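To start, the structure under review is shown below, and the notes come after it.
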Amino acid sequence: MRDLTVGNEAKLIFKFALPMVLGNLLQQMYHVVDSIIVGNYLGTEALAAIGASSPIFYALIAFVIGIGSGATIIISQYFGAKNLEKVKRAIDTSYIFLFGASIIITTIGIVFSDDIFRLLHVEEEVIPLATDYFNVFMMGMIAFFGFSGTSSILRGLGDSMTPLYFMVVATVVNIVLDIVFIVVFEWGISGVAYATLIAQAGAFITGAIYLNKKHEIISFNVFKFRFDKELFMQSIRIGLPTGFQQTFVALGIMALIRIVNNFDTNVLAAFSVASRIDALAAMPALNLASALSAFVGQNLGAQKVDRIKKGLRATLFMAWGISLVVMLIVVFFGAYIMQVFTKDPSVIAHGSNYLVIVSSFYMIFSTMFVMHGVLRGAGDTLIPMFITLFSLWVIRIPFAIVLSKHFGVNGIWWAIPIGWSMGLIGSIAYYFTGRWKLKSVVKRNQ
């Protein structure tokens, strides 16, 4: 555990964020390796099937992850206030919620998967592949939420290293099993999902065993968990806006997929690959924002508001520097990166255009997310929700529809940074109102 309320702000945030960046880059490698192997061994249609499945999976888990983020904020603030009893109760409550939700989501996903793919107008030859992959993937929900929840809890306590260790092992296992199941056993696209399911389950089980033996606050025992209604309602109050935000973002991605499907399978495959690369490139900025949230939570809990402004400045400079480097790499080498996934010239061309257009605006994207990191760490999640919904549903999706009619596929790609730009304007404007400083859970309840 790490106390983020004392010490140099920039060093603390960087050291806290670095394991998160590495861990999440490894987690993204799950999907990148999946796409590389699928693209090279199973073809364009299988690649499109994975691309169609990802936003549906995200849409199903987004609300739960958002609610869970409320618990993480509470844990962070109470840990900053040194109230370990409430930290422990919040952790227990978070686990109970996540496991209950995982059962419901698994059932919904498997029962309605075929209908959802048809609703998105996925091409008929792609739907059977997408359903095979998606249904197997959904069976791993308990392990997914268990590991993700544990990682989030540890980060709220200032421990970003432990999740990294387990993610390294899970990534290696996933890559090895991908090769074995697809290349050796020839299980097809379902083999990719089985590899991820086994890797996540292994990470969760070993993580739970480790925490029971080594961690002084977290002890993973389902028979001793205690549900705290008051803390759960606090988590709901803080996490509900983020839950809605995440859900509508996921639905927005599905809407974007629906627009992409107005074109051919090659465009969907290109979007699948390019968005994976894009997610990998954006990861450092996202994790810096998450590190800043934990920093803000602890310092607001300790009533050290002056440190928050210093932390924000330091995080912005780090995010800008990384975004600039990543942008240059993606702009100049995007086409070569696409060739690692597929040899189809049409897929490479569409994906390269996506990467050049979108990556040129990474600095705007990173600034927006860092600003949201401050607001979320303070427990002020309602306004970021409205900002995100506006930039997505009022700006990005309508622009994608209109621009795609005039400029083809590239019009869809241009709508993404246009939405980011409007979101950034709203985020900066709200930050300077200073209202987020009044949202501390600890001040209100102690």
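Remember, predicted model here, so these are calculated numbers, not experimental data.
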- Query: Which distance, rounded to the nearest 0.5 Å, do you find between the CG of Leu60 and the CD1 of Ile116?
  - Reply: 5.5 Å
- Look only at the side chain of Ser272 and the backbone of Leu47, and say whether a donor-acceptor pair between them is shorter than 3.5 Å. yes
- Distance, nearest 0.5 Å, that separates CG of Leu119 from NE2 of His121: 7.0 Å
- Taking the side chain as every heavy atom from C-beta outward, state whether Thr150 and Phe166 have any pair of such atoms under 4.5 Å apart. no
- Can you name the nearest heavy-atom pair linking Ile364 to Ser421, along with the distance? CD1-OG, 3.7 Å
- Where Ala291 and Ile13 come nearest, the two heavy atoms and their spacing: CB-O, 4.0 Å
- Message: Please report the interatomic distance CZ(Arg396) to CD1(Ile259), rounded to the nearest 0.5 Å.
- Response: 10.0 Å
- When rounded to the nearest 0.5 angstrom, what is the spacing between CZ in Phe369 and OG1 in Thr388? 6.5 Å
- side chain to side chain contact (heavy atoms under 4.5 Å, CB included) between Arg276 and Ile50, worked out: CA-CA 11 Å; Arg276 302 269 183 180; Ile50 290 181; 2.5 Å; yes
- Query: Is the count of non-hydrogen atoms from other residues, nucleotides or ligands lying under 6.0 Å from Phe407 atom CZ greater than 12?
  - Reply: no
- Message: With a 4.5 Å cut-off on side-chain heavy atoms, are His372 and Ile387 touching?
- Response: yes
- Say whether, by atom type as modelled, one donor and one acceptor occur between the side chain of Trp413 and the main chain of Val358 under 3.5 angstrom. no
- Query: Can you check whether Thr5's main-chain N or O pairs, donor with acceptor, with Arg307's side chain at less than 3.5 Å?
  - Reply: yes
- Phe232 ring center near Phe97 ring center (under 6.0 Å): yes
- Item | Short side-chain donor-acceptor distance under 3.5 Å, Thr93 and Asp228 | no
- Answer with yes or no after comparing the ring centroid distance for Phe399 and Trp414 against a 6.0 Å cut-off, counting only values under it. no
- Does atom OH of Tyr194 have more than 12 heavy-atom neighbours from other groups under 6.0 Å away? no
- Determine yes or no for a side-chain-to-main-chain donor-acceptor pair under 3.5 angstrom, with Thr131 supplying the side chain and Asp114 the backbone. no
- Using the side chain to side chain contact (heavy atoms under 4.5 Å, CB included) rule, take Met141 and Ile61 through it: C-alpha gap first, then chi angles, then the decisive distance, then the call. CA-CA 9 Å; Met141 276 297 92; Ile61 69 168; 3.7 Å; yes
- Query: Do you know the tightest heavy-atom contact between Gly140 and Leu197?
  - Reply: N-CD1, 3.7 Å
- Query: Is there a donor-acceptor pair closer than 3.5 Å between any side-chain N or O of Ser366 and the backbone N or O of Met363?
  - Reply: yes
- Query: Hey, are the side chains of Leu231 and Tyr78 touching, using non-hydrogen atoms and a 4.5 Å cut-off?
  - Reply: yes
- Query: Is there a donor-acceptor pair closer than 3.5 Å between any side-chain N or O of Asn174 and the backbone N or O of Ala170?
  - Reply: no
- Task: With the side chain counted from C-beta on, respond yes when Ile322 and Val21 share a heavy-atom pair under 4.5 Å apart, and no when they do not.
- Result: no
- Query: Where do Glu125 and Thr265 land on the side chain to side chain contact (heavy atoms under 4.5 Å, CB included) test, with the steps shown first?
  - Reply: CA-CA 10 Å; Glu125 66 269 22; Thr265 301; 3.7 Å; yes
- Task: With rounding to the nearest 0.5 Å, note down the distance linking CD in Gln339 to CG in Asn40.
- Result: 11.0 Å
- Query: Distance-only, no hydrogens or angles: does the Thr342 side chain make a donor-acceptor pair with backbone N or O of Met338 under 3.5 Å?
  - Reply: no
- Query: With no hydrogens and no angle check, is any side-chain donor or acceptor of Ser102 less than 3.5 Å from a backbone partner on Phe99?
  - Reply: yes
- Quick one: do Phe361 and Leu424 satisfy side chain to side chain contact (heavy atoms under 4.5 Å, CB included)? Show the steps, please. CA-CA 11 Å; Phe361 294 85; Leu424 175 60; over 6 Å; no
- Item | Heavy-atom pair with the smallest gap, counting every atom of Ala62 and Ala250 | CB-CB, 4.2 Å
- Message: Taking the ring of Phe271 and the ring of Phe263, is the distance between their centroids below 6.0 Å?
- Response: no
- Main-chain N/O of Met138 paired to Asn135 side chain as donor or acceptor, under 3.5 Å: no
- Item | Minimum-distance pair of heavy atoms, taken over all atoms of Glu45 and Val126 | O-CG1, 3.9 Å
- Task: Determine whether Ile105 and Phe145 make a side-chain contact, defined as any pair of heavy atoms from C-beta on separated by less than 4.5 Å.
- Result: yes
- Query: Under the 3.5 angstrom rule, does the side chain of Thr433 hit a backbone N or O of Ala429 as a donor-acceptor pair?
  - Reply: no
- Item | Ile56 and Phe117, any side-chain heavy atoms less than 4.5 Å apart | yes
- Message: Nearest 0.5 angstrom please: Ile127 CD1 to Arg118 CZ, how far?
- Response: 4.0 Å
- With a 4.5 Å heavy-atom cut-off, do Val192 and Ile37 have their side chains touching? no
- Message: Please find the pair of heavy atoms, one from Ala270 and one from Val347, that lie closest to each other, and give the distance.
- Response: CB-O, 3.4 Å
- Kindly state whether the ring of Phe386 and the ring of Phe390 have centres lying under 6.0 angstrom apart. no
- Task: Would you check if Ile110 and Met139 make a side-chain contact, meaning some heavy-atom pair closer than 4.5 Å?
- Result: yes
- Query: Cut-off 3.5 Å, side chains only: do Tyr354 and Ser359 have a donor facing an acceptor?
  - Reply: no
- Query: So, for Tyr133 and Phe137, is the gap between ring centers shorter than 6.0 Å?
  - Reply: yes
- Message: Looking only at the side chains, is there a donor atom on one of Asp278 and Tyr362 sitting less than 3.5 Å from an acceptor on the other?
- Response: yes
